[in-house]
Amino acid sequence: MPIPSHEFLSGRYATASIMLRLAFPLVSHLPRRKPSAIRPRPPPARRYASAAAVTASSFSPPHSPLLPPLPPASAYVHLPFCRKRCHYCDFPIIALGSSSAPSRGEAAEDPRIVDYVNLLLREVSATRPVSDDGVPLETVFFGGGTPSLVPPRLVATVLDALRARFGLSARPEVSIEMDPGTFDAARLKELVGVGVNRVSLGVQAFQEDLLRACGRAHGVKEVHEAVAIVTACEGLQNWSMDLISSLPNQTEEMWEESLRCTVDARPTHVSVYDLQIEQGTKFGQMYTPGVFPLPSDTESANFYRIASKRLSEAGYNHYEISSYCKPGYECKHNLTYWQNRPFYAFGLGSASYINGVRYSRPRRTKEYAEWVQKLEDGTWRHESRSSDLKDMALDVVMLSLRTAWGLDLQSFSKSFGKSLALSLCNTFKPFVESGHVIAMDMDRQALPHTDFELDLQNEDGFGSRIAFIRLSDPDGFLLSNELISLAFGIISP
């Protein structure tokens with residue numbers, strides 16, 4: 001199972017270092033607390049595009065939580081099935097076993113998949129649309145798990161249910177995560193035929209030993225076969241490849257090879273994640289971060305720098321903290337998260353963000369089934385908790401600094417006050433001088449640190465020069481945990 005970027009918003013930032021995981025399925029609730037003690041571990045490959053590469057057509061500032069809530073136009077659907085649990089995985093999954101889903105041809109439908117999809121359909125049917133205006137869904141993301149194990153017929157039933165309940169736009173972005181060895185050309189063609197138009201391929205590495213060490217169910221042979229199938233599929237131009245750095249015994253040469261193979265495959269999008277050791281996983285029992293056979297902090301930082309350099313040289317824009325794309329191929333679904341916009345979520349362990357409140361479903365099948373029954377009966381009530389201004393400001397800062405757009409200081413000042421924006425800038429002043437934080441004017445041109453300081457000194461006229469701040473690539477992102485922690489300290493001391 002890949003570690004996607006939508007996973008970042010699967011709860012409320014448990015620690016600043018959760019930014020290292022990113023992701024797609026929103027699978028756990030985001031506890032509201034400050035970051036833990038800062039570790040000098042680098043973030044997942046995070047390279048901000050140059051200012052020239054960032055355009056208003058690609059990004060908009062995060063939606064201010066003080067403005068009227070927007071109606072959701074995105075839906076995440078959790079399909080939790082995997083052949084086996086990878087050693088680094090702590091997501092809610094259902095392991096089917098390698099014999100349950102042959103990669104060639106259509107097998108008899110596994111009753112566990114059929115039963116789960118029927119439960120999912122019940123949840124969709126019992127969910128009341130937030131808006132009465134008929135705002136259709138513009139993006140749908142099938143994450144997991146390994147959604148490519150689910151027969152296309154069942155994927156189609158979910159899309160039909162979403163269309164019937166919420167509506168789909170004329171050309172929605174419909175993404176699905178797929179693992180090598182779990183699909184053939186016929187299955188992919190059928191998925192495209194039912195509406196899938198974007199694939200996220202969970203490769204992770206191009207070395208047999210590394211894939212085996214991770215507990216992945218596929219090998220390098222299946223990786224190359226999967227790439228060939230995806231690139232040859234008629235009607236599918238938009239696809240992403242996932243990679244993981246800082247794996248056990250991974251060397252710089254191995255990482256260079258994986259990046260080279262990725263570039264050669266010519267995906268339109270690349271996601272790069274730094275391995276995180278989670279409690280309760282097999283890796284959590286075997287390894288300590290930064291201790292051999294895991295790379296040292298210095299080696300992990302170098303992996304990050306290498307990815308930034310190689311993908312940039314290959315023409316990929318780094319539009320979000322662990323996401324690279326060819327021009328025009330940003331993941332629209334993930335932009336929903338980074339722009340702080342609401343979204344529906346369905347399925348085991350998934351978390352919605354609606355009307356300013358995040359709430360999650362149970363992570364176990366039995367409890368999830370009971371939850372769906374209560375939803376149908378009208379007896380389920382999520383905790384009604386309004387976010388305070390501090391929490392809202394933290395959301396905006398953290399989400400903004402994940403993107404190439406950065407933090408819009410004028411918008412932030414209007415929402416939370418000029419004094420808080422000024423305090424943040426004063427806190428970041430040493431990092432502007434060192435080059436870890438970049439201050440920009442209204443035209444998104446970088447300001448010399450002397451101009452930045454002059455603006456800070458003129459408190460009444462603060463903002464006349466500074467319009468945006470963002471973290472630099474790569475060094476700013478290698479300090480991102482510390483910088484986010486400092487922001488936390490200013491906003492919520």
Exercise for the section: Using a 4.5 Å cut-off on heavy atoms from C-beta on, say whether the side chain of Glu453 contacts that of Lys429. Expected result: yes

Handout entry: Interatomic spacing from OH in Tyr316 to OG in Ser308 - rounded to 0.5 Å
Key = 14.5 Å

Handout entry: Polar side-chain atom of Asp242 near backbone of Val203 as donor-acceptor pair, under 3.5 Å
Key = no

Completion exercise
Rounded to the nearest 0.5 Å, the OG atom of Ser246 sits from the CZ atom of Phe303 at a distance of 6.0 Å

Practice task
Please round to the nearest 0.5 Å and tell me the distance separating atom CZ of Arg198 and atom CD of Gln237.
Solution key: 13.5 Å

Exercise for the section: Report yes if some heavy atom in the side chain of Thr403 is under 4.5 Å from a heavy atom in the side chain of Arg470; otherwise report no. Expected result: no

Problem - Ser464 vs Asp455 side-chain heavy atoms within contact, under 4.5 Å - result: yes

Completion exercise
Interatomic distance, CG@Leu119 vs CG@Leu121, rounded to 0.5 Å, equals 9.0 Å

Practice task
Identify whether NZ of Lys or CZ of Arg in Arg310 sits under 6.0 Å from the centre of the six-membered ring of Trp255 and within 45° of that ring's axis.
Solution key: no

Fill in the blank from the handout: In terms of heavy-atom contacts, Val396 and Leu407 come closest through CG1-CD1, 4.0 Å

Exercise for the section: Please report the shortest heavy-atom distance between Ala265 and Trp239, naming the atom on each side. Expected result: O-CZ2, 3.5 Å

Problem - Atom NZ of Lys332 with >12 non-hydrogen neighbours under 6.0 angstrom - result: no

Exercise for the section: Take Leu275 and Ser245, measure what side-chain contact (heavy atoms from CB on, under 4.5 Å) needs, and give me the verdict at the end. Expected result: CA-CA 6 Å; Leu275 175 69; Ser245 64; over 6 Å; no

Exercise for the section: Heavy atoms only: give me the nearest Pro72-Val135 pair and the separation to one decimal. Expected result: O-CG1, 4.2 Å

Exercise for the section: Quick one: do Leu120 and Tyr368 satisfy side-chain contact (heavy atoms from CB on, under 4.5 Å)? Show the steps, please. Expected result: CA-CA 10 Å; Leu120 192 65; Tyr368 170 58; 3.7 Å; yes

Handout entry: Polar side-chain atom of His78 near backbone of Ala345 as donor-acceptor pair, under 3.5 Å
Key = no

Handout entry: Heavy-atom donor-acceptor pair, Ser411 side chain to Asp408 backbone, under 3.5 Å
Key = no

Fill in the blank from the handout: Tightest non-hydrogen contact, residues Gly145 and Ile93, listed as N-CG2, 4.0 Å

Problem - Side chain proximity check, Leu420 to Phe412, heavy atoms < 4.5 angstrom - result: yes

Problem - Nearest heavy atoms of Leu79 and Pro147, plus distance in Å - result: CD1-CB, 3.8 Å

Problem - Heavy-atom side-chain proximity of Leu409 to Cys425 below 4.5 angstrom - result: yes

Practice task
Kindly state whether the ring of Tyr324 and the ring of Tyr319 have centres lying under 6.0 angstrom apart.
Solution key: no

Problem - Asp451 (side chain) donor-acceptor with Leu447 (main chain) under 3.5 angstrom - result: no

Exercise for the section: Measure across Ala446 and Ile438 and return the closest heavy-atom pair with its distance rounded to 0.1 Å. Expected result: CB-CG2, 4.0 Å

Exercise for the section: For the residue pair Phe283 and Tyr88, categorise the inter-ring angle as parallel (less than 30°), tilted (30 to 60°) or perpendicular (more than 60°). Expected result: tilted

Practice task
Could you tell me whether Arg444 sits above the aromatic face of Phe468, with NZ or CZ closer than 6.0 angstrom to the six-membered ring centre and within 45 degrees of the axis?
Solution key: yes

Practice task
Report yes if the side chains of Asn317 and Tyr329 come closer than 4.5 Å at any heavy-atom pair, otherwise no.
Solution key: no

Handout entry: Any Leu294 side-chain heavy atom under 4.5 Å of Glu299 side chain
Key = no

Practice task
Taking Thr281 for its side chain and Glu278 for its backbone only, find out whether a donor-acceptor pair lies under 3.5 Å.
Solution key: yes

Practice task
Applying side-chain contact (heavy atoms from CB on, under 4.5 Å), run through Ser240 and Leu201 and close with a yes or a no.
Solution key: CA-CA 6 Å; Ser240 180; Leu201 190 63; over 6 Å; no

Practice task
Taking salt bridge (Lys or Arg N to Asp or Glu O under 4.0 Å) as the test, write out the residues that go with Arg364, two or more places apart.
Solution key: none

Problem - Contacts of Ala164 that satisfy side-chain contact (heavy atoms from CB on, under 4.5 Å) - sequence neighbours left out - result: none

Practice task
Please indicate whether Glu313 has more than 12 foreign heavy atoms, meaning atoms of other residues, nucleotides or ligands, lying under 6.0 Å from its CD.
Solution key: yes

Practice task
Would you mind listing every side-chain hydrogen bond (donor to acceptor under 3.5 Å, both in side chains) that reaches into residues 157-173, with sequence neighbours excluded?
Solution key: Asp160-Arg163

Handout entry: Main-chain N/O of Ser296 paired to Ser300 side chain as donor or acceptor, under 3.5 Å
Key = yes

Exercise for the section: Report yes if the side chains of Glu177 and Thr146 come closer than 4.5 Å at any heavy-atom pair, otherwise no. Expected result: no

Problem - Pair Phe343 and Tyr337, ring centroids less than 6.0 Å apart - result: yes

Practice task
Carefully, step by step, assess Arg361 and Glu367 under the rule salt bridge (charged side-chain N to carboxylate O under 4.0 Å, His left out).
Solution key: CA-CA 9 Å; Arg361 291 114 184 96; Glu367 287 81 1; over 6 Å; no

Exercise for the section: Walk me through it: do Tyr344 and Tyr76 pass the test ring pair (Phe, Tyr, Trp, His ring centres under 6.0 Å)? Expected result: CA-CA 6 Å; Tyr344 297 105; Tyr76 170 76; over 10 Å; no

Problem - Interatomic distance, Gln373 atom CD to Leu375 atom CG [nearest 0.5 angstrom] - result: 9.5 Å

Exercise for the section: Evaluate the criterion side-chain contact (heavy atoms from CB on, under 4.5 Å) for residue pair Leu471 and Val437; output intermediate values, then yes/no. Expected result: CA-CA 5 Å; Leu471 304 187; Val437 175; 3.9 Å; yes

Problem - Heavy-atom donor-acceptor pair, Ser413 side chain to Lys418 backbone, under 3.5 Å - result: no

Practice task
Examine distances only and state if a side-chain atom of Glu320 and a backbone atom of Ser322 form a donor-acceptor pair shorter than 3.5 Å.
Solution key: yes

Problem - Nearest-0.5 Å distance that lies between atom NZ in Lys390 and atom CZ in Phe416 - result: 13.0 Å

Handout entry: Asp377 side chain to Thr379 backbone, donor-acceptor under 3.5 Å
Key = no

Exercise for the section: Kindly say whether Asp179 contributes a backbone atom to a donor-acceptor pair with the side chain of Ser148 at under 3.5 angstrom? Expected result: yes

